[in-house]
Structure formats: structure tokens, C-alpha cells
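Input: a single structure, listed below in C-alpha cells.
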Amino acid sequence: MLDSKLGILALISDAGAVVLFVLSVLLFFSIMSWAIIAFKFGYIRKSLKESNAFLDYFFEVYNAEKAFAKSEEYRNGSIPKIFRSCYIEYKALDGKVDIRHARARIALAIKREANAENKRVASLVPFLATVGNTAPFIGLFGTVWGIMTSFHAIGSMQSASLPAVAPGISEALIATAAGLAAAIPAVMGYNYLTQKIALIEHDIDLFSVEFVELFFNEQEVQQG
Amino acid sequence: MKKGPVYSSEKRFYPWVAVATVLHLALFALSLFLQLLETRTQSNPSIVSITLVSLPVPENVPVSPTPSGASAVQAVEKRDQHAESMKSMPKKTVPPKIIVQEKKLPEPKNADQFVKKTVTPSLAKERPLKPSEPVKIVTEKLPSPKSTEREQLSSALERIRQVVGKKGEPQQATSGSPVTKAIAELEQKMKSQGSSAITGSTAERGAVSGGLSGKGKEIGGWDVSLAYKAKIASIIQQNWELANPMLKISSGMKVAVRINILSDGSINQIQFVKKSMSEYLNNSVKKALERSSPLPPLPKEESFRGVWVAFVFTPEGIEK
């Protein structure tokens with residue numbers, strides 16, 4: 001049924017071992033890239049959505065207790081996560097240390113959680129950059145190897161006619177095509193995700209200070 | 001504490017790997033399917049209808065020997081052939097075959113048939129038959145090849161005479177050599193056939209004009225019965241294969257061919273009157289005709305000589 005007329009199958013079946021290896025590597029890269037793009041797209045979208053919703057609520061009530069209760073609803077948002085860790089640290093102190101010491105400890109807890117969140121958000125994304133950068137070269141390697149072997153075969157055939165030259169080159173070029181097919185979505189996904197991740201990181205940096213201020217304003221209000 | 005969420009996020013990542021794998025497989029299967037679909041659509045030949053028409057007698061293409069003066073064009077061609085053969089082989093005697101054949105050719109029989117033969121309305125629209133127009137063409141063009149033919153033949157005879165005269169100078173005294181006798185005979189034939197040719201051509205003028213006006217007789221090369229034409233058209237149609245994509249491209253294209261059918265039904269000669277731009281279409285027509293040979297033997301009234309039949313191959317109708 002699927003005879004030699006079907007170009008893709010024919011090209012793959014006639015390809016050499018190295019080209020096949022290159023193709024399988026590129027296929028793996030492509031599958032992983034697509035999976036990362038899909039996974040990260042959902043993750044970051046949800047994180048941004050929940051962070052925005054939490055921030056709206058936070059500025060509306062401007063109360064640590066209420067904000068903490070609300071943050072339990074946003075388990076995927078980066079900013080609610082950081083706020084929770086900050087609140088837990090604040091509660092752990094429970095007035096045992098002076099304000100300056102408490103401020104430093106809370107700031108440290110926020111920094112720690114922000115770092116963890118940045119890592120979480122940015123995880124797997126560098127793989128897209130790797131695929132985007134290396135896949136064309138891997139494909140090119142497969143092509144060069146394929147052309148090398150096909151020219152060797154042509155030399156042994158002692159014929160330089162088009163029917164002798166063209167099939168080998170055509171088979172070899174499929175590796176470059178596969179490399180580009182793997183790299184293009186990876187590069188596009190990487191650019192989109194890094195932009196969104198930068199947005200999240202910026203939000204974390206901005207609102208970490210805001211959180212600390214909220215806790216100590218409250219403490220001062222309570223003491224005053 | 002730290003590893004928990006990371007682990008859970010990794011866990012949530014694995015289904016996406018499976019989804020991506022499935023997507024890749026689906027994409028690969030889709031591309032294979034599309035290729036398969038493409039090859040299938042290409043390999044399925046469609047039924048193609050042949051539009052059967054009688055072409056008007058072309059001016060620059062040789063036609064079969066007919067009562068209409070064997071058609072001016074053929075006469076010119078044969079004259080050229082003879083002239084060439086005369087040049088290359090001056091010692092041989094010149095058989096004035098054209099004129100002899102013309103004498104043997106019968107007068108056209110059915111004048112009405114010619115009028116009926118303009119089957120396709122499309123072509124009829126393209127070239128409407130005005131009663132006066134074709135008559136003019138025939139009457140003006142037919143006699144000229146005759147006269148040139150005779151001139152050619154007489155000049156060829158003159159050349160033969162010169163050559164023979166040079167070679168046979170010692171024998172001239174005897175004056176009874178077979179070569180000179182043959183030349184004398186040929187001269188006599190020329191005279192007699194020349195006059196008959198002229199009368200023949202005048203007769204043909206009447207025949208053609210009558211044929212075109214629907215009252216006279218038919219042009220000889222085209223008087224194959226319509227039933228026979230339909231029969232061979234269906235045979236050729238069955239043997240004509242044309243791929244679907246070609247039909248899309250070749251819309252509006254026409255291939256007009258004339259075939260010379262011998263008495264036993266075999267196709268002696270295929271001439272392209274009008275070729276289409278597509279070489280593939282031209283080839284397909286040629287192959288169809290080659291496949292169709294031999295055709296059924298000619299009807300009895302036509303069997304003594306070969307006939308020329310014209311076809312127009314049009315892939316139209318398939319698109320609609």
C-alpha cells in the first residue's frame with residue numbers, strides 16, 4: 001500500500017544509518033519541544049492569571065490575613081505563592097524578634113521563595129533554546145553526511161547523471177528539513193515563553209517589597 | 001518542601017510529552033495520507049469524450065487522393081517528391097502516377113453527406129460555412145498545383161532527355177533506343193493526361209461548389225460514412241487515457257489530428273493538424289491512435305483506397 005511512490009517514507013527508508021540517527025534525535029527534540037511549549041504555555045498563562053487576580057484582591061483589601069486566606073485559592077500563581085511563604089515566616093516570628101531583624105528575615109524568605117518560583121517558571125525553557133540553536137546544525141550534519149555517502153556511491157557507480165545524483169541528495173536533504181521543522185517551533189516557543197517569564201519575574205521583584213511593607217505597617221498599626 | 005512542587009510540575013509535564021508524540025504521529029500520518037491521496041487522484045484516469053468533427057480541408061496538409069483533384073496540397077507534395085526523385089535518379093523513367101490516379105478516381109457520390117458532416121456545433125460556430133466563401137478558395141487554388149505539376153513533370157522529362165541525350169549520343173543515329181521510345185510515350189501520356197487533368201479540375205470545381213452548397217457531390221477524401229466514423233471514434237475514445245490533473249490544465253485545449261486509414265483498417269499515417277500546447281496531451285492522442293490501430297476495415301465503397309479522417313480531441317466536459 002505504502003509503496004515507494006510515497007515520498008516521505010521512501011526518503012526515510014532509503015536513508016543511511018547516520019541520517020536515520022540524526023532524524024530520530026531531531027524527532028525526539030521536536031517532541032520534547034512541543035511538549036515543553038504546551039506545558040509551559042499552560043503553566044505561565046495560569047500563573048499570570050492567578051497572580052493578577054490575587055494582586056487585584058490584595059490591593060483591594062490591603063490586609064494580610066484576608067490576603068492569605070484568599071491566596072489559598074490561587075495555588076498556581078507565583079505571587080500568591082510568595083505571599084504565602086512571606087506570611088508563614090511573619091507568623092513564625094510572632095513578635096519574638098525586633099522589627100529590623102524581623103524585616104530582614106521576611107525579606108530573606110521572600111527572596112528565597114522568589115528564586116524558587118523563578119526556577120520553577122523558567123524550568124525546561126532553556127531546552128527550547130538548545131533545540132532552536134542546535135537542531136538546524138544537527139540536520140545539516142545529517143545532510144552533509146548523506147551527501148558525502150551519496151557522492152561516494154556515485155563515485156563507485158562512475159556515473160554523474162541526474163538520476164544517479166539526485167536521489168542521494170534528496171534523501172540527505174530530509175535531515176535539514178527535519179532540523180528546521182524541529183527548530184522553528186522551538187525558537188518561536190522560546191521567544192514567547194521568555195517574554196512571559198520576564199514579566200512574572202518583574203512582578204515578583206516589584207511586589208516582594210510591597211508585601212514586606214504591608215506586614216510592618218500592620219504591626220505598627222497594631223502596636224500604635 | 002522545595003522538591004514537592006517541582007516534582008508535581010514534572011509529573012504534569014509527562015502527559016504533554018505523550019500528547020506531543022501523538023501529535024507528531026498524527027502529523028506524519030496526515031502527510032502520508034495526503035501523499036497517498038495525491039498519487040491516487042493522479043493515477044485514476046477519467047473518461048474523456050472525443051468531439052468528432054470533420055475538419056475543413058487544410059490548405060497546407062496533404063490529403064488523400066480525391067476526385068477534387070487529389071487536393072491541391074497533395075498534388076504539390078507528390079510533385080515535390082517526384083521532383084526530388086527525378087533529381088536523385090535521373091536515369092529512371094518518370095511514371096506520371098498522380099495523373100493516372102486522378103483519372104481512375106471516381107466522381108464524388110453523395111453531395112449531401114458533406115454538408116451533414118459538420119457535426120460539432122462549436123467548430124461550426126468558429127467557421128461558419130458561407131456558400132460563396134469556400135467556393136472561392138477551391139476554384140482559385142485547385143488549378144494552380146495542376147499547372148505547376150505539369151510544368152514540373154515536363155521539366156523533369158526535359159532533364160531526363162538531356163541526361164539520356166548526353167549518355168546516348170553514339171546511339172542517336174539508330175534513333176530506335178528504348179529510352180527515347182519511353183520518353184516519347186511519356187510525352188504522349190503527358191499531353192493526354194494534361195488535358196484530362198484540366199477537364200478534371202473544372203469538373204471538380206463544380207463538384208466542390210455543389211457539395212458546399214448542398215446540391216452537388218462530396219469531396220472524396222471525406223466521404224467516409226458517419227456510422228464508420230462514429231465506430232472508430234468510440235474505439236479511439238476507449239483507448240484514450242488522460243490523467244485527472246492534466247484535464248484541469250488542458251481545459252480549452254484542442255488536438256486536431258488527421259489519420260490515414262488503409263482498406264484493412266490499419267492506420268497508415270497520423271498527422272497533427274493542430275497541436276495543443278501540452279506535449280502530454282499530444283502524446284496521449286498519438287498513443288490512443290496507435291493503440292486503436294488496426295481499426296475496423298473500411299466500408300466496401302471506400303475499401304479500394306485509403307481515407308483520411310479528422311478528429312478533434314477535446315478534454316472539455318470533464319471539468320464541468
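Per chain, numbering begins at 1; letters A, B, ... match sequence-line order.
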With a 4.5 angstrom heavy-atom cut-off, could you sort out which part of A:I36 is near chain B: side chain, backbone, both or neither? both
Side chain, backbone, both or neither: which part of A:S33 has a non-hydrogen atom closer than 4.5 Å to chain B? neither
Could you tell me whether [X] atom [atom1] has more than 12 heavy atoms of other residues or ligands within 6.0 Å of it?
X: A:F137; atom1: CZ; value: no
X: A:R45; atom1: CZ; value: no
X: A:Y57; atom1: OH; value: yes

Output the option from B:L23, B:V19, B:T21 having the highest count of non-hydrogen pairs under 4.5 Å with chain A. B:T21
Tightest non-hydrogen contact, residues A:L27 and B:H24, listed as CD1-CD2, 4.0 Å
Non-hydrogen atoms of A:A35 and B:A20 that approach each other most closely: N-CB, 3.7 Å
Which one of A:Y43, A:F39, A:F127, A:W34 satisfies the ring pair (Phe, Tyr, Trp, His ring centres under 6.0 Å) criterion with B:F13? A:F39
Interface moiety of B:L25 toward chain A, non-hydrogen atoms closer than 4.5 Å: neither
